[in-house]
Amino acid sequence: MSLGIKPLGSRVVIKRIEAEEKTASGIVLPGSAQEKPQMAEIVAVGPGTEDEKMELSVGDKVIFSQYAGTDVKYGGEEYSIMNQRDILAIVE
């Protein structure tokens, strides 16, 4: 299955993993009070460049910089496109 978005260079396309809607004590948070998640799944990767080899793969779960990337809506879904260097860690 192809996503339909192919990132260029050392960019990746991510889909955010939804944040919890309840606190540990069971309080349900309204959408406005929830933090924007900083964990996501890689859904597409670019080929990399001569200067920056692509180190990420489709399916990797990652943590990324809070204000990184450009949000896009495609096919009714929300994604972010960002540089590989804005990815802070892979979650194993």
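Note that the numbering runs from 1 along the sequence shown for the chain. Just so it is clear, the values below take in all heavy atoms, side chains as well, and ignore hydrogens, waters and symmetry mates.
- Here CD1 of I5 is found 11.5 Å from CG of L8. Values are rounded to the nearest 0.5 Å.
- Atom CD1 of I81 sits about 11.0 Å away from atom OH of Y74, to the nearest 0.5 Å.
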Derivation of the salt bridge (Lys or Arg N to Asp or Glu O under 4.0 Å) call for E41 and K61: CA-CA 4 Å; E41 182 176 350; K61 301 249 187 303; 3.5 Å; yes
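- The two residues A44 and P7 make their nearest non-hydrogen contact at CB-CD, 3.8 Å.
- A 4.5 Å side-chain heavy-atom check between L56 and I87 finds at least one atom pair inside the cut-off.
- Annotation: side chain of M82 is in contact with side chain of V12 (closest heavy-atom distance under 4.5 Å).
- Residues V43 and Y79 have side chains in contact (heavy-atom distance under 4.5 Å, counting atoms from C-beta outward).
- Put simply, CG on D60 and CD1 on I90 are 4.5 Å apart, with the number rounded to the nearest 0.5 Å.
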Worked check of side chain to side chain contact (heavy atoms under 4.5 Å, CB included) between S57 and V45: CA-CA 7 Å; S57 303; V45 297; 5.8 Å; no
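- Among residue pairs with one or both ends in residues 3-13, those qualifying as side chain to side chain donor-acceptor pair (under 3.5 Å) are S10-E52; sequence neighbours excluded.
- Contact check for E78 versus R16: no side-chain heavy atoms found under the 4.5 Å cut-off.
- Rounded to the nearest 0.5 angstrom, Q38 CD and I17 CD1 are separated by 12.5 Å.
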Step-by-step side chain to side chain contact (heavy atoms under 4.5 Å, CB included) determination, L88 to F64: CA-CA 5 Å; L88 304 175; F64 57 93; 5.5 Å; no
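- S80 pairs with exactly one of D86, V13, D71 by the side-chain contact (heavy atoms from CB on, under 4.5 Å) rule, that one being D71.
- The CD1 atom of I42 sits 13.5 Å away from atom NZ of K15, with the distance rounded to the nearest 0.5 Å.
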Step-by-step side chain to side chain contact (heavy atoms under 4.5 Å, CB included) determination, V91 to I63: CA-CA 7 Å; V91 178; I63 297 172; 3.7 Å; yes
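- Between Q84 and E55 the shortest heavy-atom distance is OE1-N, 2.6 Å.
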